[in-house]
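Comments concern the structure below.
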Amino acid sequence: MGVLVALASRPGELVTKEQLLEQVWPDVVVVEGVVKRCIAELREALEDHAHPPRYIGTIARRGYRLLAPLEPVHPPAQAPVHSAATAPPVPSAARPGATRAGWLGLAAIAAVALATGAAWLARVGDRTAATTVTGGSIAVLPFEYFSDDTSKAWLAPGMSEEIIHSLANVPSFRVAARTSSFAFGTRSATVGEIARELDVDTVLEGSLLVEEDHVRVTAQLIDARTGLHVWSRVFDRNLTELFAVHDEIARNVAESLRGGEAIYVSRPAPTRSFEAYALYLNALSLWRERSAEAHRRAVDLLRAAIELDPSFAAAHSLLGNVYWTMVFYAGMPSEEMAALARHAAEEARRLDPHDSLALTVLGALARTRFDWQEATSSLVAAVAADPSNSTARQRYAEMLFAQGYLRRGVEEIDATIRIDPLAASVRSVGVLGAIFAGNPDGALVRAAESRALGSPRAGYLESWVYVERGELDRARASRLESAASMQRWAEHIEPVYAAVTDRARLPEALATLAGAPEAVARTEGHFFYEYAILGETGAALAALARLEGTTDTTMNLWLPELAPLRREPGFVTAMQRIGLVDYWLANGMPDLCEQRSGQIVCR
């Protein structure tokens with residue numbers, strides 16, 4: 001209620017976040033996220049919306065203002081005074097949307113928000129002695145950054161990521177992955193809404209205030225079921241002690257969950273050099289930007305960090321990851337980047353055999369070489385080292401699909417969606433999971449979800465469902481949508497889908513595929529899928545004979561509409577060439593293949 005009263009005391013005027021913190025919580029340590037959460041709950045109580053707002057407007061990066069006009073209301077004499085705990089229900093006439101236009105005044109506003117305000121007043125406080133909750137799942141939100149020196153803003157998300165990594169290794173904990181947790185850094189949502197969307201019991205939020213070489217870190221753990229603080233604390237330290245602070249926060253959180261029975265093992269400091277650590281966190285922030293220039297800057301920072309401390313394993317593993325993703329975001333040659341990525345990741349693994357990111361990179365690289373055993377062992381180890389590493393889990397699910405172990409792949413991608421539900425790439429692979437689970441309607445739902453999260457591959461993925469159903473116009477439209485979003489070569493899409501039903505256009509389709517640039521053909525698996533749906537089995541098998549590991553199209557081999565291709569004897573021959581047959585003989589047949597009289601037969 002205090003926030004609403006503060007806004008109502010200056011109707012129509014900007015009230016900054018700092019002013020709200022000072023006025024509503026003058027003697028209590030809270031983070032800016034409390035204000036955002038409070039505004040979200042007020043809007044919920046008032047049936048208001050951020051876009052467009054009717055009552056509470058947001059001034060980007062500054063604060064809020066009350067939009068509705070106020071009218072004085074004079075309460076009856078001797079009106080009963082209620083505490084927050086005994087406040088009466090809010091009359092419907094006082095709620096937005098009631099028949100009477102406008103506000104009844106500050107008293108009515110206070111009544112509307114009384115329960116909400118009281119709950120927030122109960123939540124805040126500086127509690128260094130923790131209570132405990134029985135839940136074992138948590139989302140770590142991106143810490144907020146308060147400082148005029150924006151050059152160190154990367155410290156805040158870096159702090160959150162380090163806490164996520166530390167908590168992920170606590171036995172029986174489930175930690176929401178970074179992508180989904182960080183999605184709420186720019187969204188206005190209540191703790192309850194965050195918990196429901198991420199399926200967690202608790203939420204950790206915090207802030208950093210940096211002044212020269214000093215940092216104040218505020219952290220608070222909230223029970224999502226009650227909205228009450230489980231634990232909160234302020235750390236005033238030198239910047240060089242930042243790693244020790246995040247480790248202490250993780251320990252306090254672990255001891256507050258599961259009734260204090262969890263076993264937390266402190267991670268050793270990743271480097272002896274704070275300067276190297278700062279360069280690493282800055283590079284991590286740049287890598288998240290997913291741009292060519294940011295990748296190049298990240299490489300420079302990581303090289304500088306490694307020069308300061310050659311034994312800094314995390315810097316080596318991140319460097320390997322940056323090199324590998326430069327293929328996609330900076331347009332660098334894949335062979336050159338793969339060699340650099342492998343060298344950096346292997347050095348990281350030598351320094352720390354349990355570095356999850358390094359193992360993920362090595363697993364992905366092994367798959368491009370069709371080294372299925374190395375890919376499997378690396379990705380399994382990556383997931384074991386950090387169960388919250390959704391990238392490792394996604395890569396593992398993709399590899400299982402490529403190997404033909406569809407049921408296991410479905411289980412893995414479903415588990416990955418649970419820990420990282422707001423990651424577009426995870427949802428995209430989930431489309432394949434639904435297809436392989438025999439749920440085409442579910443696949444279309446997941447495609448729509450991945451599209452809403454910004455995935456450019458949504459149309460590409462849903463087109464497979466439409467092809468299987470014979471809805472070729474929809475399939476063509478979906479493929480064209482993705483080609484435009486991904487800036488991919490699309491000249492073949494129209495003639496290929498037209499030729500599936502109009503055989504007169506088959507020569508045009510085949511000529512278009514044959515004339516595609518070599519780089520495009522390699523990326524598209526030499527168009528084995530297109531040749532297969534055109535009924536050109538020989539050309540499809542010839543394309544499989546040229547398949548290269550730098551493409552993800554090996555997952556497409558098991559799509560329902562490619563069953564005629566899999567029944568061809570040449571299919572098993574093609575799988576032998578890319579090493580899958582030997583892997584199957586050592587590890588078990590894939591779901592759609594079996595051995596008959598010493599021969600492998602697929603369907």
Would you call the rings of [X] and [Y] parallel, tilted or perpendicular, where under 30° means parallel and over 60° means perpendicular?
X    : Y    : answer
Y277 : F243 : perpendicular
W489 : H492 : parallel
W558 : F571 : perpendicular

Hey, are [Y] and [X] close enough side-chain-wise for a donor-acceptor pair under 3.5 Å?
X    : Y    : answer
E398 : Q394 : yes
S166 : R267 : yes
E462 : W464 : no
S356 : D386 : no
T554 : R367 : yes
S428 : S455 : yes
T376 : Q403 : yes
R479 : Y497 : yes
E561 : Y529 : yes
E481 : S485 : no

**Request:** List the steps, then state whether side chain to side chain contact (heavy atoms under 4.5 Å, CB included) holds for T512 with F527.
**Result:** CA-CA 11 Å; T512 303; F527 301 110; over 6 Å; no
**Prompt:** Any chance the rings of Y323 and W287 have centres within less than 6.0 Å?
**Reply:**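 Judged by ring-centre distance (under 6.0 Å), Y323 and W287 do not meet the cut-off.
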**Request:** List for me each residue that meets salt bridge (Lys or Arg N to Asp or Glu O under 4.0 Å) alongside R196, sequence neighbours excluded, and say none if there are none.
**Result:**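 Applying salt bridge (Lys or Arg N to Asp or Glu O under 4.0 Å) to R196 gives none.
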How long is the span from the [atom1] atom in [X] to the [atom2] atom in [Y], to the nearest 0.5 Å?
X    : Y    : atom1 : atom2 : value
S317 : L359 : OG    : CG    : 9.0 Å
W154 : K152 : CH2   : NZ    : 7.5 Å
D355 : H165 : CG    : NE2   : 9.0 Å
E197 : L422 : CD    : CG    : 5.0 Å
Y145 : M159 : OH    : CE    : 12.5 Å

**Request:** Give a yes/no verdict on a cation-pi contact between R469 and Y466, requiring under 6.0 Å between NZ or CZ and the six-membered ring centre and an angle within 45° of the axis.
**Result:**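 Relative to the ring axis of Y466, which defines the angle, R469 lies outside at least one limit.
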**Message:** Using side chain to side chain contact (heavy atoms under 4.5 Å, CB included), reason through E594 and R596 one step at a time and then give a plain yes or no.
**Reply:** CA-CA 6 Å; E594 59 184 318; R596 297 179 189 171; 2.9 Å; yes
**Request:** Determine, stepwise, if the pair R546 / E518 fulfils salt bridge (charged side-chain N to carboxylate O under 4.0 Å, His left out).
**Result:** CA-CA 12 Å; R546 302 176 63 194; E518 178 62 21; 3.5 Å; yes
**Closest approach of V140 to L167 (non-hydrogen atoms, all atoms of both residues)** =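 Result for this residue pair: CG2-CD1, 4.1 Å.
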**Item:** Worked check of salt bridge (charged side-chain N to carboxylate O under 4.0 Å, His left out) between R288 and E161
**Value:** CA-CA 12 Å; R288 298 289 186 195; E161 293 205 42; 2.7 Å; yes
**Message:** side chain to side chain contact (heavy atoms under 4.5 Å, CB included), that's the test. Do L557 and L544 meet it? Break it down for me.
**Reply:** CA-CA 10 Å; L557 293 167; L544 287 180; 3.5 Å; yes
**Request:** May I have the step-by-step check of side chain to side chain contact (heavy atoms under 4.5 Å, CB included) for Q576 and L580, ending in yes or no?
**Result:** CA-CA 6 Å; Q576 175 69 59; L580 276 176; over 6 Å; no
